[in-house]
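Step one of this worksheet: look at the structure below.
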Amino acid sequence: MTVRSTPLPRALRSSLPVIALSALVLSACSGKDQPPAGPPGGAMPALPVTVLEMKPTKVESNVEAVAQTEGAREVEVRARVGGIVMKRLFEEGSPVKAGQPLFQLDKAPFEVAVAQARANLAQAKARAEQADREAARLKGLLAEQAISQREYDTAGSDKAAALAAVQSADAALRQAELNLGWSTVTAPVAGTSGRAVISEGNLVATNSLVTSVVQLNPMWVRFSVSEAELDAATPSGRFKPQVVRGVELILPDGSTYPVRGKLNFAASQVSPTLGTLQLRGEFPNPDGALLPGQFVRARLLTGDRDGVFLVPQNAVIQSDKGAVVMLANADNKVEPRPVKTGQWSGKDWVILGGLKAGDKVIIDNLIKTRPGAPVAPHAPGEGPGAKPAAAPAAPAKG
């Protein structure tokens, strides 16, 4: 049987050379642009990482908390008697001494009361003298049986009542003199005066607030810390006020107050609602740099921890199983290591457990690292991208 070939159309026959040429060019180009194969055996390239070699050190244990300053003495000055304010005798916000006059109330009503009390006392004394003479006269008559015993007893009772009236009048005079003295409102303690709540011409009632006085030196700082944090920050594991070495103050601008304070109060019980212990520090404030009511941070120094390690905060990964760091092991491969963290020390975590001397902790490229992956560790300031050291200057020619 003879098979006859069907001739191709003229258009297809004319395009065959072009198609063959294009296939040849594409084959050649694909052969030249194809990237070279990876490392022998298909191994993953080592990732350059910066590592810190762990060395045990000693750090000062501390715990921080938000705190608020308050004057060592913050006294409300109140009027002990009521009256019209005649004059203010101090400059608001200025230092005042204990006993310094601050306000003057109208004295006239109190002076009148003193004069009346003195007159009442004189009258009571006169009556007492009369009752005494009468009792003495009746005593002689009683001896002669010229009067009854009842009359003499009545005279004795009148004498005792007159003497009691003298004592009452004397007490009233003393009270009137006190009220006259209290018409001048004085500072109960030395310190810095506050704003005047009243002004001249105002009528104040007894026990009305007129101003305040705050003692700025020393300055107290009040804060609360949870029991668990205190125990964790204490090297012995159990907080006691006696272990506190001092208190540091971090100001609102982030700077540290130049003088270290002391702990002057620790509550005897933990708050049942918050689980915190109230504490208070005391700081010298001779120049008035600290003002009452400032929000600051108090750092309680609770002792030294020896044999711990410092790791940058960004190198500690928080997982659902706790804190983990990545190590470059002896085979230069990534090895995750669970660690026990303490408090912060500057920009570092204090590592209490999980590391040993000589461990190399990876501190960068952590997002790219995977357990078991190869790495190329280098010390800080070395490795790819590090600036080369400056060449020594050539000696000058003589």
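These figures come from a predicted structure and were not determined experimentally.
- Following chains of ILVMFWY side-chain contacts shorter than 4.5 Å, one can reach Val77 starting from Ile198, so the two form part of one hydrophobic cluster.
- Of all heavy-atom pairs spanning Ala79 and Val204, the tightest one is CB-CG2, 4.2 Å.
- Hydrophobic clustering of Ile, Leu, Val, Met, Phe, Trp and Tyr side chains at less than 4.5 Å, counting indirect connections, unites Leu263 with Leu277.
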Please test Thr57 against Phe309 for side chain to side chain contact (heavy atoms under 4.5 Å, CB included), starting from the C-alpha separation and ending with a verdict.
CA-CA 6 Å; Thr57 185; Phe309 301 93; over 6 Å; no

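- Side chain of Asp364 to backbone of Thr50: a donor-acceptor contact under 3.5 angstrom is found.
- Applying the ring pair (Phe, Tyr, Trp, His ring centres under 6.0 Å) test to pairs two or more places apart or on separate chains, those with a residue in residues 49-101 are Phe90-Phe103.
- Side-chain atoms of Glu129 never come within 3.5 Å of backbone atoms of Ala126 as a donor-acceptor pair (strictly under, hydrogens ignored).
- Through side-chain heavy atoms spaced under 4.5 Å, either directly or across other Ile, Leu, Val, Met, Phe, Trp or Tyr residues, Ile84 is tied to Met86, Leu203.
- A salt bridge does not link Asp170 with Lys125: every distance from a Lys NZ or Arg NE/NH1/NH2 to an Asp or Glu carboxylate oxygen is 4.0 Å or more.
- Under the 4.5 Å side-chain criterion, counting only non-hydrogen atoms from C-beta, Leu102 is not in contact with Arg88.
- A salt bridge between Glu134 and Arg127 is absent, with no side-chain N of the basic residue lying under 4.0 Å from a carboxylate O of the acidic one.
- In plain terms, the two heavy atoms of Val225 and Ala65 that are nearest each other are CG2-CB, 3.8 Å.
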Check against side chain to side chain contact (heavy atoms under 4.5 Å, CB included), Phe283 and Val221
CA-CA 8 Å; Phe283 293 83; Val221 177; 3.7 Å; yes

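- Linking Ile, Leu, Val, Met, Phe, Trp and Tyr whenever their side-chain heavy atoms come within less than 4.5 Å leaves Leu52 and Val308 in two separate clusters.
- For the residue pair Ser199 / Asn202, a side-chain donor-acceptor distance below 3.5 Å is found, with atom types taken as modelled.
- Not a single donor-acceptor pair under 3.5 Å links the side chain of Ser94 to the backbone N or O of Ser193.
- For Gln318, the CD atom is densely surrounded, since the number of other residues' heavy atoms within 6.0 Å is greater than 12.
- Applying the 6.0 Å contact sphere to CZ of Arg73 captures no more than 12 heavy atoms from other residues, nucleotides or ligands.
- A donor-acceptor pair under 3.5 Å is absent between the side-chain atoms of Ser168 and the main chain of Ala164, judged by distance alone.
- For the residue pair Glu248 / Thr256, no side-chain donor-acceptor distance below 3.5 Å is found, with atom types taken as modelled.
- Alongside Val49, the hydrophobic cluster contains Leu47, Val51, Ile317, Met326, Val334, Ile362, Leu366, Val375 (criterion: ILVMFWY side chains under 4.5 Å).
- The pair Glu70-Arg222 counts as a salt bridge, with a side-chain nitrogen and a carboxylate oxygen less than 4.0 angstrom apart.
- Other residues, nucleotides and ligands contribute over 12 non-hydrogen atoms within 6.0 Å of the CD atom of Glu200.
- Exactly one residue among Ser224, Ser271, Ser268 makes a side chain to side chain contact (heavy atoms under 4.5 Å, CB included) with Gln278. That residue is Ser224.
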Could you go through the salt bridge (Lys or Arg N to Asp or Glu O under 4.0 Å) check for Arg299 and Glu60 one step at a time?
CA-CA 11 Å; Arg299 180 182 295 150; Glu60 196 168 33; over 6 Å; no

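- Looking only at side-chain heavy atoms (C-beta outward), Gln313 and Asp348 stay at 4.5 Å or farther from each other.
- A donor-acceptor contact under 3.5 angstrom links the side chains of Glu229 and Ser226, judged on distance only.
- Going from atom CZ of Arg137 over to atom CG of Asp132 covers 13.0 Å, rounded to the nearest 0.5 Å.
- Counting heavy-atom neighbours within 6.0 Å of Gln269 CD, excluding the residue itself, gives a total of 12 or less.
- Here the CG-CE distance, from Asn285 to Met219, works out to 4.5 Å after rounding to the nearest 0.5 Å.
- The shortest side-chain heavy-atom distance between Leu300 and Asn62 does not fall under the 4.5 Å cut-off.
- At a threshold of 4.5 Å between side-chain heavy atoms, the hydrophobic network of Ile, Leu, Val, Met, Phe, Trp and Tyr places Val270 and Phe223 in one connected group.
- Lys360 has no carboxylate O lying under 4.0 Å from a charged side-chain N of Glu53, or vice versa, which leaves the two without a salt bridge.
- With contacts defined as side-chain heavy-atom distances shorter than 4.5 Å, the pair Gln104/Leu89 qualifies.
- Remark: side-chain polar atoms of Arg260 are not paired, donor with acceptor, to backbone N or O of Tyr257 under 3.5 angstrom.
- Scanning all heavy atoms of the two residues, the minimum distance from Thr69 to Val296 falls at CG2-CG2, 4.2 Å.
- Hydrophobic cluster membership is shared by Leu251 and Val247, with clusters built from Ile, Leu, Val, Met, Phe, Trp and Tyr side chains linked at under 4.5 angstrom.
- When all heavy atoms of Val213 and Ala187 are compared, the pair lying nearest together is CG2-CB, 4.4 Å.
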Determine, stepwise, if the pair Val59 / Asp304 fulfils side chain to side chain contact (heavy atoms under 4.5 Å, CB included).
CA-CA 6 Å; Val59 297; Asp304 290 333; over 6 Å; no

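- Note that OG1 of Thr206 and CH2 of Trp182 are 9.5 Å apart. Values are rounded to the nearest 0.5 Å.
- The two atoms that bring Pro101 and Thr184 nearest to each other are CB-CG2, 3.8 Å, heavy atoms only.
- Salt bridge status for Arg150 with Asp153: absent, with no side-chain N to carboxylate O gap under 4.0 Å.
- For the residue pair Ser208 and Ala205, the shortest heavy atom distance occurs at OG-O, 2.8 Å.
- A side chain to side chain contact (heavy atoms under 4.5 Å, CB included) with Arg337 holds for exactly one of Asn329, Val361, Leu355, Val324; it is Leu355.
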